[in-house]
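Below, all heavy atoms of this structure are taken into account, side chains as well, without hydrogens, waters or symmetry copies. From a predicted model like this one, the values you see are computed outputs, not experimental measurements.
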Amino acid sequence: QVQLVEPGGGLVQAGGSLRLSCAASGRTFSSCAMGWFRQAPGKEREFVAAISRSGGTRYYADSVKGRFTISRDNAKNTVYLQMNSLKPEDTAVYYCAARTDSALFGVWMLSDDYDYWGQGTQVTVSS
């Protein structure tokens, strides 16, 4: 079992920055690949970013590439999503997800590839 808690989120103006965090407990965090997804009103959940269990591989959706950075601190059992140059279209509920027993450098982009999910946190970008 892995429990994921996502404090943070909030309201920010377009062009601003926000950092999301996701704290994991339970199963060994360092054995998990992690991902961030988001879901805007009326839309399906979409992939945002992923990081391997080692942190050595990162992958981003085209819509956020160059603006968002995913990172992890295995000593703190936490994964982060730094979001810069935010746009109104980034408004969504953001979810972190964990895939257990992952290959050292593997990343995954499909929701079904993940085993555990956080409760989600709202990010609103005003124009």
Side-chain angles (χ1 to χ4, degrees):
Q1 286 278 354
V2 177
Q3 292 79 42
L4 301 173
V5 178
E6 308 163 37
L11 174 64
V12 64
Q13 286 189 332
S17 298
L18 202 60
R19 188 176 82 156
L20 303 182
S21 62
C22 173
S25 61
R27 197 166 175 150
T28 304
F29 178 72
S30 60
S31 70
C32 298
M34 301 297 296
W36 285 96
F37 291 76
R38 66 186 182 186
Q39 187 167 19
K43 295 187 177 181
E44 293 187 353
R45 187 176 298 185
E46 65 174 1
F47 168 76
V48 175
I51 189 167
S52 62
R53 55 179 282 201
S54 68
T57 306
R58 308 180 193 192
Y59 192 80
Y60 299 92
D62 288 343
S63 59
V64 306
K65 200 172 297 182
R67 300 188 298 121
F68 290 12
T69 302
I70 188 172
S71 62
R72 66 188 296 160
D73 185 337
N74 286 349
K76 295 183 178 180
N77 289 355
T78 302
V79 63
Y80 304 96
L81 185 68
Q82 177 67 44
M83 305 184 293
N84 298 329
S85 301
L86 282 160
K87 305 175 181 180
E89 51 263 45
D90 294 317
T91 295
V93 176
Y94 283 72
Y95 299 88
C96 68
R99 175 186 169 99
T100 57
D101 297 324
S102 299
L104 191 61
F105 295 105
V107 290
W108 285 265
M109 283 69 76
L110 299 179
S111 298
D112 289 347
D113 292 328
Y114 289 85
D115 305 305
Y116 299 96
W117 292 82
Q119 80 283 3
T121 186
Q122 177 70 46
V123 172
T124 303
V125 184
S126 63
S127 57

Set of salt bridge (Lys or Arg N to Asp or Glu O under 4.0 Å) partners for Arg67, sequence neighbours left out: Asp90

Would you kindly confirm whether Val64 and Leu81 end up in one hydrophobic cluster when ILVMFWY residues are joined by side chain heavy atoms under 4.5 Å apart? yes

Side chains of Thr69 and Tyr80 in contact at under 4.5 Å (non-hydrogen atoms): no

Tell me the closest heavy-atom pair linking Ile51 and Val79, and the distance in Å. CG2-CG2, 4.2 Å

Applying side-chain contact (heavy atoms from CB on, under 4.5 Å), can you list everything that pairs with Val12, at least two apart in sequence or on another chain? Leu86, Val125

Run the salt bridge (Lys or Arg N to Asp or Glu O under 4.0 Å) test against Asp62 and tell me which residues pass, sequence neighbours left out. Lys65

For residues 9-21, which residue pairs pass the side-chain hydrogen bond (donor to acceptor under 3.5 Å, both in side chains) check, not counting sequence neighbours? Ser17-Asn84

Considering non-hydrogen atoms only, spot the tightest contact between Ala92 and Gln122 and give its length. O-NE2, 3.5 Å

So the ring-ring contact (aromatic ring centres under 6.0 Å, His included) pairs with at least one residue in residues 49-77 (sequence neighbours excluded) are none

Could you tell me which residues satisfy ring-ring contact (aromatic ring centres under 6.0 Å, His included) with Trp117, sequence neighbours excluded, listed by chain and number? Phe37

Closest approach of Ala98 to Leu4 (non-hydrogen atoms, all atoms of both residues): N-CD1, 3.8 Å

Taking side chain to side chain donor-acceptor pair (under 3.5 Å) as the test, write out the residues that go with Arg72, two or more places apart. Asn74

List the residues meeting side chain to side chain donor-acceptor pair (under 3.5 Å) with Asp115, not counting sequence neighbours, and say none if there are none. Thr100

Roughly how far apart are Gln39 CD and Ser111 OG, rounded to 0.5 Å? 9.0 Å

Heavy-atom distance under 4.5 Å between the side chains of Tyr116 and Gln1, does that happen here? yes

With the side chain counted from C-beta on, respond yes when Trp36 and Cys22 share a heavy-atom pair under 4.5 Å apart, and no when they do not. yes

With the side chain counted from C-beta on, respond yes when Phe29 and Met34 share a heavy-atom pair under 4.5 Å apart, and no when they do not. yes

Can you find a pair of side-chain heavy atoms, one from Leu20 and one from Gln82, that are under 4.5 Å apart? no

If you link I, L, V, M, F, W and Y whenever their side-chain heavy atoms are under 4.5 Å apart, who else ends up in the same group as Leu104? Phe105

Ala23: partners by side-chain contact (heavy atoms from CB on, under 4.5 Å), with sequence neighbours left out: Thr78

Go through the structure and list residues passing side-chain contact (heavy atoms from CB on, under 4.5 Å) with Glu46, not counting sequence neighbours. Arg38

Kindly give the heavy-atom pair with the smallest separation between Leu18 and Gly9, and that separation in Å. CD2-C, 4.0 Å

Look up atom OG in Ser30 and atom CG in Asp73, then write down how far apart they are to the nearest 0.5 Å. 11.5 Å

Minimum-distance pair of heavy atoms, taken over all atoms of Arg53 and Ser31: NE-CA, 3.9 Å

Linked, directly or transitively: Ile70 and Met83 (ILVMFWY side chains, under 4.5 Å): yes

Heavy-atom distance under 4.5 Å between the side chains of Trp108 and Tyr114, does that happen here? yes

Between Ala14 and Pro88, what is the shortest heavy-atom contact and its length? CB-CD, 4.1 Å

Could you walk me through whether Ser54 and Ser52 pass the side chain to side chain donor-acceptor pair (under 3.5 Å) test, one step at a time? CA-CA 5 Å; Ser54 68; Ser52 62; 3.2 Å; yes

ILVMFWY cluster membership beyond Leu110 - transitive side-chain contacts under 4.5 angstrom: none

